[in-house]
Amino acid sequence: MTDLLAVEGLGVEFDGGRGRGLFGRRLAGVRAVDAVSFSVNPGELIALVGESGSGKTTAIQAAARLLQPTAGTVRFQGTDLHGTSKKEMRALRRQIQLIYQDPYESLDPRYRVERIIEEPLRVHGVGSSRADRRELVLQALREVGLSPPESFLDRMPHELSGGQRQRVSIAAALVLKPALLIADEPVSMLDVSVRAGILDLLDGLRRKGLGIVMVTHDLSTAAHYADRIAVMYLGRIVETGPSRAIMTDPQHPYTQALLAAVPKMQRRTGTRALLQGESPDASAMPTGCRFHPRCPIAVDECRVVDPEIGPTGTTPGHQAACLLRRRTPTD
């Protein structure tokens, strides 16, 4: 079966250009995404997890052809997105929709809710009349739990709560009946009290067959809702696999540190292996394993060898990019 979205060896590098930094030094290029591969199927939610600056958002923007990658391929339903014409891509846009992080910025403050959700229909020529488009808008509002939908049509964005704004953003994405939804930190700007409602909404859409790629820095959220998790560090996926395997048997020291930082209700004895320091400068990538400057178990070989991601020998589909990971007999 063809993957809904298949990303293979994706790379994105930003040129330092002609600008100069401190003391007149020429700015170096930044490899923001390096050899990233992942896939998502219909009815599946995959989460990209990592610290700020790990390359998660850049990866999904390149996957959606909002950025031009410098390496790799992105295929949607078997079609190479970066090899299509603008006309062909316009048709594919209906099938790939995005939800942005900040619902306070993603909605046009000049438009009422009806116009915001109707705009994608106008752009893509969907609906033979205004009445047809209004019915589609009402359906989208019902689908995201804004009820009665008629009461929201004439509201302005500033008249909505944060959770309601994000639901309107999701409605504007769903009104075109896409096959793939890319959600970039969809709840990070929302109060804790409304996050669960938005995440439950996305989970319900997944169960109806929608493929979802969700970017988040919250590993506990990913574990609860995602089918698979891909952990990113400095532009590269360092561990990936089924959510349960990642949470119960993490193989990469970075994943272990992220899990250690998740608050626990129960009192625990002993110390937690929390990360020290900040991520290295992406324009001056460390030699060898890019995580070794912060890794509590790094050995001399880690400073020289940059490990490729490979099987851990624990759970099928569970992979890690660590020299000290468990190895299968044939690895």
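All residue numbers refer to positions in the sequence shown, counting from 1.
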Which residue pairs pass the side chain to side chain donor-acceptor pair (under 3.5 Å) test with at least one member in residues 76-92, sequence neighbours excluded?
Arg65-Thr84, Ser85-Glu88
What pairs of residues pass the side chain to side chain donor-acceptor pair (under 3.5 Å) test when at least one of them lies in residues 190-202, not counting sequence neighbours?
Asp200-Tyr225
Is the backbone of [Y] close enough, under 3.5 Å, to the side chain of [X] for a donor and an acceptor to pair up by distance?
X: Gln95; Y: Leu92; result: no
X: His318; Y: Ile246; result: no
X: Thr287; Y: Arg303; result: yes
X: Glu8; Y: Thr73; result: no
X: Lys56; Y: Gly50; result: yes
X: Ser39; Y: Asp3; result: no

Under 3.5 Å, is there a donor-acceptor pair linking the side chains of [X] and [Y]?
X: Ser220; Y: Asp218; result: yes
X: Thr255; Y: Glu239; result: yes
X: Ser169; Y: Ser106; result: yes

Write down the atom of [X], the atom of [Y], and the distance for their closest heavy-atom approach.
X: Ile198; Y: Gly163; value: CD1-O, 3.8 Å
X: Pro103; Y: Gly162; value: CG-O, 4.0 Å
X: His158; Y: Arg165; value: CA-NH2, 3.2 Å
X: Ala179; Y: Leu4; value: O-CD2, 3.2 Å
X: Gly127; Y: Asp132; value: CA-CB, 4.2 Å
X: Ile297; Y: Pro253; value: CD1-CG, 3.6 Å

Contacts of [X] that satisfy side chain to side chain donor-acceptor pair (under 3.5 Å) - sequence neighbours left out:
X: His292; answer: none
X: Asp102; answer: none
X: Ser188; answer: Gln101

Any side-chain heavy atom of [X] within less than 4.5 Å of one from [Y]?
X: Pro307; Y: Cys322; answer: no
X: Phe14; Y: Leu67; answer: yes
X: Ile237; Y: Val231; answer: no
X: Leu160; Y: Val113; answer: yes
X: Leu190; Y: Gln166; answer: yes
X: Thr314; Y: Gln251; answer: yes
X: Asp300; Y: Val304; answer: no
X: Met214; Y: Leu45; answer: yes

Check for me, please, whether [X] and [Y] land in the same ILVMFWY cluster - side-chain distances under 4.5 Å, paths through other members count.
X: Leu98; Y: Leu10; value: yes
X: Leu210; Y: Ile46; value: no
X: Val40; Y: Ile99; value: no
X: Ile182; Y: Ile170; value: no
X: Leu234; Y: Leu219; value: yes

List the residues meeting side-chain contact (heavy atoms from CB on, under 4.5 Å) with Thr248, not counting sequence neighbours, and say none if there are none.
Arg244
Point-to-point distance, once rounded to the nearest 0.5 Å, from [atom1] of [X] to [atom2] of [Y]:
X: Leu323; Y: Cys302; atom1: CG; atom2: SG; value: 5.0 Å
X: Ile116; Y: Arg110; atom1: CD1; atom2: CZ; value: 10.5 Å
X: Leu202; Y: Arg207; atom1: CG; atom2: CZ; value: 12.0 Å
X: Met232; Y: His217; atom1: CE; atom2: NE2; value: 16.0 Å
X: Glu308; Y: Gln319; atom1: CD; atom2: CD; value: 11.0 Å
X: Ile229; Y: Phe38; atom1: CD1; atom2: CZ; value: 14.5 Å

Once salt bridge (charged side-chain N to carboxylate O under 4.0 Å, His left out) is applied, what residue pairs with a partner in [range] remain, sequence neighbours excluded?
range: residues 112-124; answer: Glu114-Arg134, Arg115-Glu119, Glu118-Arg122, Glu118-Arg133
range: residues 166-189; answer: none
range: residues 31-43; answer: Arg31-Asp34, Asp34-Arg236, Asp34-Arg290
range: residues 225-235; answer: Glu44-Arg228, Arg206-Asp227

What side-chain donor-acceptor pairs closer than 3.5 Å can you find for residues 135-157, not counting sequence neighbours?
| unit_1 | atom_1 | unit_2 | atom_2 | d |
| --- | --- | --- | --- | --- |
| Ser151 | OG | Pro148 | O | 2.7 |
| Arg155 | NE | Ser151 | O | 3.2 |

Residues that Tyr233 engages under ring pair (Phe, Tyr, Trp, His ring centres under 6.0 Å), provided they are two or more places apart
Tyr254, Phe291
side-chain contact (heavy atoms from CB on, under 4.5 Å) partner of Ile96, the single match among Leu81, Leu181, Leu176, Val213:
Leu81
So which of Ile60, Leu180, Asn41 actually passes side-chain contact (heavy atoms from CB on, under 4.5 Å) with Leu5?
Leu180
